[in-house]
There are 2 protein chains.
Amino acid sequence: MIVADGRQAMYRKVAAELRQGISDGAYGSGGRLPAEAALAEAYGVSRGTIRQALALLRADGLVTSRRGTRRVVLGTARVQTFSETVSFTRWARSLGEEPGGRVVDVVRRPADPVEREKLRLAEGEEVCLVLRVRTLSAVPVMVERSVYPRHIGEIVAGLDPAAVSHTVPLEEHGVRFTDVHHTIDVTYADADDAALLGCRAGAALLRERRCSTDPTGSPVEWSEDRYLPGTVAFTVHNSSAATALSRRTTT
Amino acid sequence: MIVADGRQAMYRKVAAELRQGISDGAYGSGGRLPAEAALAEAYGVSRGTIRQALALLRADGLVTSRRGTRRVVLGTARVQTFSETVSFTRWARSLGEEPGGRVVDVVRRPADPVEREKLRLAEGEEVCLVLRVRTLSAVPVMVERSVYPRHIGEIVAGLDPAAVSHTVPLEEHGVRFTDVHHTIDVTYADADDAALLGCRAGAALLRERRCSTDPTGSPVEWSEDRYLPGTVAFTVHNSSAATALSRRTTT
DNA sequence: GCGGCCAGGTTGGCTGTACAACTTGACGCG
DNA sequence: CGCGTCAAGTTGTACAGCCAACCTGGCCGC
């Protein structure tokens with residue numbers, strides 16, 4: 001039985017407990033979870049709440065769910081939280097790596113048409129561009145080119161150029177990321193990339209383009225990250241219950 | 001008001017209607033959806049059903065949702081169905097492209113340790129490896145190396161080598177894909193890739209490794225797809241409500 | 001004009017109920 | 001022994017209701 005502390009929804013706490021149990025191997029890999037009704041009684045909540053918790057595990061690809069039979073454990077892999085997927089710093093720390101970063105350049109100028117569309121800005125509005133190299137254990141692995149609307153760019157520009165994380169101070173200023181749209185493909189290093197990452201110009205890089213929005217739905221960041229091959233991979237789970245991944249032709 | 005036909009759940013039909021409305025621009029980009037209660041009345045269903053429908057749109061990144069205020073439309077982009085993300089053929093057709101494929105090689109042999117782990121097979125069990133080149137408008141864009149457990153490999157081996165789709169005939173044999181785990185990174189073309197794709201050996205390729213399971217949770221396919229750069233990109237949406245994407249260090 | 005307060009609207013969270021659809025294993029029949 | 005049938009168990013879908021948390025806009029006082 002879990003006690004409600006009012007700070008986190010009940011179903012999230014139940015989900016966390018179930019996740020823990022799964023990664024501890026309490027149900028075995030390929031094993032079966034107890035029935036919803038049994039879980040509801042065990043945790044002292046209604047079946048609806050249990051179903052909300054299980055929907056989270058389902059979306060993470062930890063369990064199946066199918067009418068007529070109990071849920072099956074798919075894998076015991078630890079799943080990243082949303083904040084770990086959004087923040088390079090938090091992601092690296094959660095893996096026990098030592099993240100670092102250095103701001104190389106900051107520019108303010110009127111938004112070009114693409115930036116205006118991505119950030120939903122009007123003509124003439126200014127953006128703030130930040131070029132940053134990011135490291136794991138002091139080794140450069142990624143070049144990050146972020147574009148912020150003016151009011152957020154002001155905050156970023158005011159940070160220590162050697163600050164490890166930008167996400168954390170932004171959150172302290174009340175900027176919250178809630179939705180992120182990613183596009184992943186391959187691109188080739190330009191002269192800047194080559195110099196910062198220590199590869200040759202023209203070398204292939206894994207590219208992640210990202211558009212983040214705050215709770216109100218307005219875009220707060222548009223970023224292009226270029227990773228040295230062999231340093232990171234992206235993983236996605238999708239199921240017939242909830243589609244998140246898609247494939248696009250490059251335009 | 002939508003009529004129940006028994007073939008599809010009510011909340012899925014409501015979701016489809018809302019999706020249509022969004023892509024038609026009925027609410028505008030950045031506009032607001034009607035309140036849940038209003039939608040419930042409009043569609044003649046309960047608020048709970050509306051909430052299930054909206055949860056689907058939320059997971060697709062089409063709308064925000066935040067306590068206290070109506071939902072905001074995030075984008076009007078068409079979202080791929082699960083079957084379009086799983087099947088290269090269906091994906092290509094949904095974009096108006098002409099997909100093709102040719103089986104280059106089929107091999108049966110005992111599973112190696114990695115394959116045994118991915119497909120959850122016992123020692124000594126056989127797998128079926130299929131090497132295939134896939135085309136868009138007759139242009140090779142991807143090399144697919146799939147590993148199937150024996151009973152599924154039999155079906156695949158029996159197909160016409162020039163068959164455009166393998167997924168469709170597999171489904172006709174009762175093989176259903178419900179969960180897929182993807183890992184996306186960069187790799188380099190080997191001699192086979194180079195010959196099939198018409199690039200030089202050592203050229204960078206966008207790699208997608210995929211492990212698919214059926215409704216019972218048992219793995220049915222483990223595949224490695226290598227795309228020519230500039231042909232496709234992967235897109236993912238994730239939100240604080242439901243995390244699907246994650247980043248991994250390459251091991 | 002400005003700022004704080006408040007009421008109304010809206011979504012989040014949780015409970016309870018009912019039935020449908022489906023799976024599984026046991027049983028019995030041929 | 002093989003097969004179909006059946007009952008019990010389990011999840012999916014849908015409904016109704018209640019309250020809390022939160023946002024917005026308008027009103028009022030200063």
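The shown structure was predicted, so the numbers you read here are calculated from the model rather than taken from an experiment.
We find that CD of A:Glu41 is positioned 16 Å from C1' of D:dT10, with the value rounded to whole Å. Atom CZ in A:Arg32 sits about 12 Å away from atom P in C:dT23, given to the nearest Å.
A salt bridge (charged side-chain N to carboxylate O under 4.0 Å, His left out) check over residues 41-69 of chain B, counting only residues at least two apart or in different chains, returns the pairs A:Asp179-B:Arg58, B:Arg19-B:Asp60, B:Glu36-B:Arg47, B:Glu36-B:Arg51.
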Take nucleotides 11-20 of chain C nucleotide by nucleotide from the 5' end and write B, S or -, depending on whether a protein heavy atom sits under 4.0 Å from the base, only from the sugar-phosphate, or from neither. BBBSB--B--
Between A:Arg78 and A:Ser23, is the side-chain contact (heavy atoms from CB on, under 4.5 Å) condition met? List the steps. CA-CA 7 Å; A:Arg78 189 174 117 52; A:Ser23 73; over 6 Å; no
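For B:Arg109 and B:Glu126, the salt-bridge test fails: no basic side-chain N is under 4.0 Å from an acidic carboxylate O. One finds a salt bridge joining B:Arg108 and B:Glu154 here, because a Lys/Arg side-chain nitrogen approaches an Asp/Glu carboxylate oxygen to under 4.0 Å.
At a cut-off of 3.5 Å, with distance as the only test, a side-chain donor of A:Ser246 or B:Thr235 sits close to an acceptor on the other residue.
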